[in-house]
2 protein chains.
Amino acid sequence: MKHTREACLIADQQDPLAGFRQRFDLPANTIYLDGNSLGVLPKGALERSQQVITREWGHDLIRSWNTAGWFDMPTRLGDKLAPLLGADPGETVVTDTTSLNLFKALAAALRIQRQAHPERKVILSERDNFPTDLYMIQGMIEFLQQGYELRLIDEALPLEQALDDKVAVLLLSHVNYRTGYLYDMAAVTHSAHQCGALAIWDLAHAAGALQVDLNGADADFAVGCTYKYLNGGPGSPAFIWVAPRHQNAFWQPLSGWWGHAKPFEMATDYAPAQGIRRFLCGTQPIVSLALLECGLDVAREVDSQQLRAKSLALTDLFIELVEQRCGGHPLTLITPREHVRRGSHVSFRHPQGFAVMQALIANGVIGDYREPEVLRFGVTPLYLSHADIWDAVEILREILDSGSWDRPEFHRRGAVT
Amino acid sequence: MKHTREACLIADQQDPLAGFRQRFDLPANTIYLDGNSLGVLPKGALERSQQVITREWGHDLIRSWNTAGWFDMPTRLGDKLAPLLGADPGETVVTDTTSLNLFKALAAALRIQRQAHPERKVILSERDNFPTDLYMIQGMIEFLQQGYELRLIDEALPLEQALDDKVAVLLLSHVNYRTGYLYDMAAVTHSAHQCGALAIWDLAHAAGALQVDLNGADADFAVGCTYKYLNGGPGSPAFIWVAPRHQNAFWQPLSGWWGHAKPFEMATDYAPAQGIRRFLCGTQPIVSLALLECGLDVAREVDSQQLRAKSLALTDLFIELVEQRCGGHPLTLITPREHVRRGSHVSFRHPQGFAVMQALIANGVIGDYREPEVLRFGVTPLYLSHADIWDAVEILREILDSGSWDRPEFHRRGAVT
């Protein structure tokens with residue numbers, strides 16, 4: 001199909017989600033294709049933060065733990081998030097970080113398996129998984145010293161072959177952070193269960209980007225972050241979901257007072273709360289939680305089918321435009337073309353990917369660069385338009401055609417991101 | 001000494017720290033004696049949060065990880081906090097929660113001891129320690145299944161007797177959350193070392209309340225929270241300090257990507273950063289960190305000797321006034337009278353402590369109640385005056401003399417705090 005900017009504008013007029021753009025404060029003269037790294041600012045967030053800081057903290061002070069509902073925020077926000085994950089109330093809490101929640105889930109899964117299949121010592125993940133997932137597994141193995149080992153799926157070892165009767169736990173990202181590859185959660189979870197393994201899913205690049213169906217897939221545990229497609233703000237607390245059948249199986253080892261059955265009785269012995277609360281540990285950053293609630297409140301209003309349809313339309317458009325208009329340049333698509341295997345971002349390799357991304361950013365198209373050589377473009381259906389995609393690709397084309405990316409300042413490596 | 005309100009006003013006029021009260025927004029018609037549970041709002045905090053939310057997040061978005069210094073906040077804030085702890089730069093990070101940081105410290109200490117003294121299996125703490133410290137120890141013991149046990153100091157088992165050659169780690173709170181008892185950190189750490197144990201200190205009720213001297217005491221690890229005397233805001237991130245000699249000894253098991261030597265190389269294998277950064281795990285809540293920085297910036301301006309002198313003067317005054325003016329009532333001081341053994345809060349038991357505290361709160365004196373029967377009053381030298389103490393005790397006296405605490409609404413137990 002031959003695309004034109006006019007056709008993009010017409011598609012935007014027909015977009016049922018177009019109104020959501022008005023719910024966010026977007027920077028001027030910028031096409032923001034990095035909402036899968038840090039989402040944008042919901043319009044109500046500043047006012048809500050002022051209320052929390054001035055009235056709840058400044059004026060009501062300690063009483064706000066009760067009167068402003070601070071104490072229940074992790075479960076209340078978890079229940080608000082649940083429909084986006086295919087979860088029921090009481091199954092999710094918003095707390096801590098993705099890495100820490102992964103530790104809790106992995107600890108619980110290993111303990112369950114220690115009883116069911118004590119001989120299983122393999123934790124199976126993917127070489128191309130987001131590194132912190134692998135690092136947390138390695139940290140636990142190193143600490144436990146109980147003979148566990150990490151096995152990694154890669155091109156030489158596909159999932160079907162790797163999943164054998166040594167595997168205790170399978171830990172995968174639903175959407176790959178680099179390529180955007182989307183696993184079939186139900187099928188993979190089924191394979192894991194068939195083999196006697198438990199399945200933990202990292203939803204960092206899925207939650208808020210597409211409808212997840214944890215209960216439908218019969219998943220065991222899931223974790224994820226809220227500062228990407230859920231627009232919770234920088235470093236907003238993460239979440240953990242635990243299938244009801246596993247919730248009361250085991251104390252997770254990060255067993256702080258917030259997970260105690262009666263935290264204010266100040267008992268000497270830990271007694272875990274029933275249900276998902278036992279996956280809490282310590283006191284949470286309330287202002288950051290309040291900001292996240294603003295993002296969740298927008299996300300909950302979205303029709304998930306419309307969200308997915310627009311996400312696929314925009315990522316299709318992006319791929320087709322790049323291939324049509326930047327065809328002479330050494331760009332290699334690493335994101336699946338198949339809809340059922342694609343998340344909501346698009347990545348191309350380019351031998352000078354780092355410099356090309358710096359040039360894009362200097363020209364108002366914010367994506368990000370991921371090692372090795374990867375240009376990654378987050379496509380967030382809530383606040384991007386078809387015309388944005390057209391314009392972004394035009395800027396990419398100009399940069400590539402003119403060679404303007406090849407300036408010294410675009411090759412200079414910064415500290416981070 | 002016979003006190004009068006006039007004498008209190010004169011003392012306030014001579015108070016070298018009196019000006020700090022103007023640095024905070026304090027609620028009207030309230031005497032806030034709960035700053036040891038949740039500190040008050042620094043005046044610059046609202047504006048700083050607006051800057052972070054509107055400009056750094058809303059406008060600059062992902063670039064702020066570099067341009068606004070978000071990525072370095074845990075170490076930068078740690079270095080700002082360090083002088084208050086008797087620590088040097090590069091020894092402290094602000095991150096996660098006290099409970100989680102305790103897990104990291106305990107894991108590291110146990111691993112060090114596993115090599116030095118593998119036969120030592122006792123983790124020694126105190127029955128009256130803040131429960132989450134005990135719960136985290138219990139969670140780790142339960143998870144490791146390596147024969148560790150928790151031993152608790154109490155009236156039947158004093159420290160000198162409990163500290164034997166089975167002890168791997170001693171974990172104590174510098175100031176007891178209930179009684180305000182202040183341990184001699186240097187002497188106790190020395191005893192632990194003499195016995196071959198490592199010492200971890202929980203500074204939750206000490207940091208910002210009095211000068212701590214971690215390096216002077218030769219401590220091994222310390223953790224603590226920032227939302228009490230440091231006025232960081234509700235649930236502001238906690239801190240961990242690690243003696244330089246232990247920093248590179250071991251990966252702590254919560255080994256997420258923020259603690260990696262090169263987090264953005266996206267390597268498959270964890271390689272811990274050198275130094276204190278390896279005690280980081282995942283992405284931190286930036287807005288809550290920014291608010292905390294406002295509290296730290298005030299705390300750093302305070303002369304620590306003046307702080308301690310005023311803290312002791314106010315807690316002395318409180319104790320003497322209660323004993324002089326409420327003498328006929330069944331109040332029992334549980335806070336040490338001896339200055340060198342007292343933190344910065346004062347606690348009395350009263351058989352109807354819960355109802356008395358609710359009556360105090362209804363009359364504008366905010367303290368808190370802790371099981372069993374304890375009225376706890378936080379005395380924060382930065383924003384309380386001698387006259388505040390006088391007025392608070394007068395209100396307590398009126399409530400006790402009139403019996404007005406004995407109303408049904410004051411006996412009704414709320415959900416939390």
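We name chains A, B, ... by the order of the sequence lines, and we start the count at 1 in each one.
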Under 4.5 Å from a heavy atom of chain B, the part of A:Q146 involved: side chain

Residue selection (most heavy-atom pairs with chain A, distance under 4.5 Å) from B:R114, B:E56, B:R127: B:R114

Return the set of residues passing side chain to side chain contact (heavy atoms under 4.5 Å, CB included) with A:T97 (not counting sequence neighbours), or none when no residue passes. A:S99, A:L100, B:D96, B:Q284

Which one wins on heavy-atom pair count under 4.5 Å against chain A: B:T268, B:L292, B:L134, B:I137? B:T268

Approximate separation, where rounding is to 0.5 Å, of A:N129 CG and B:M266 CE: 11.5 Å

Contact class of A:L291 relative to chain B, heavy atoms under 4.5 angstrom: side chain

Heavy-atom distance under 4.5 Å to chain B: side chain of A:D269, backbone, both or neither? both

Given side chains that start at C-beta, do those of B:Y148 and B:M140 come closer than 4.5 Å, heavy atoms only? no

With only heavy atoms counted, which part of A:N231 is less than 4.5 Å from chain B, the side chain, the backbone, both or neither? backbone

Aromatic ring centroids of A:F143 and B:W251 under 6.0 Å? no

Under 4.5 Å, counting heavy-atom pairs only, tell me which of B:E371, B:H59, B:M136 racks up the most with chain A. B:M136

Can you pull out every ring-ring contact (aromatic ring centres under 6.0 Å, His included) where at least one residue sits in residues 24-51 of chain A? Sequence neighbours excluded, please. A:F24-A:Y383

Could you tell me if the side chain of B:Q50 sits less than 4.5 Å from the side chain of A:S49, heavy atoms only? no

Under 4.5 Å to a heavy atom of chain A? For B:L152 that would be side chain

In terms of heavy-atom proximity below 4.5 Å to chain A, should B:W70 be classed as side chain, backbone, both, or neither? side chain

Using a strict cut-off of less than 4.0 Å between a Lys/Arg side-chain nitrogen and an Asp/Glu carboxylate oxygen, indicate whether B:R413 and A:E265 qualify as a salt bridge. no

Please look at B:L110 and chain A and tell me whether the side chain, the backbone, both or neither of the residue comes under 4.5 angstrom of a heavy atom of that chain. neither

Less than 4.5 Å to any heavy atom of chain A: does that hold for the side chain of B:I366, its backbone, both, or neither? side chain

Contact part of A:D34 toward chain B, heavy-atom cut-off under 4.5 Å: side chain, backbone, both or neither? side chain

Given heavy-atom pairs under 4.5 angstrom as the criterion, report whether the side chain, backbone, both or neither of B:T98 touches chain A. neither

Whatever's closer than 4.5 Å to a heavy atom in chain A on B:A238 counts as neither

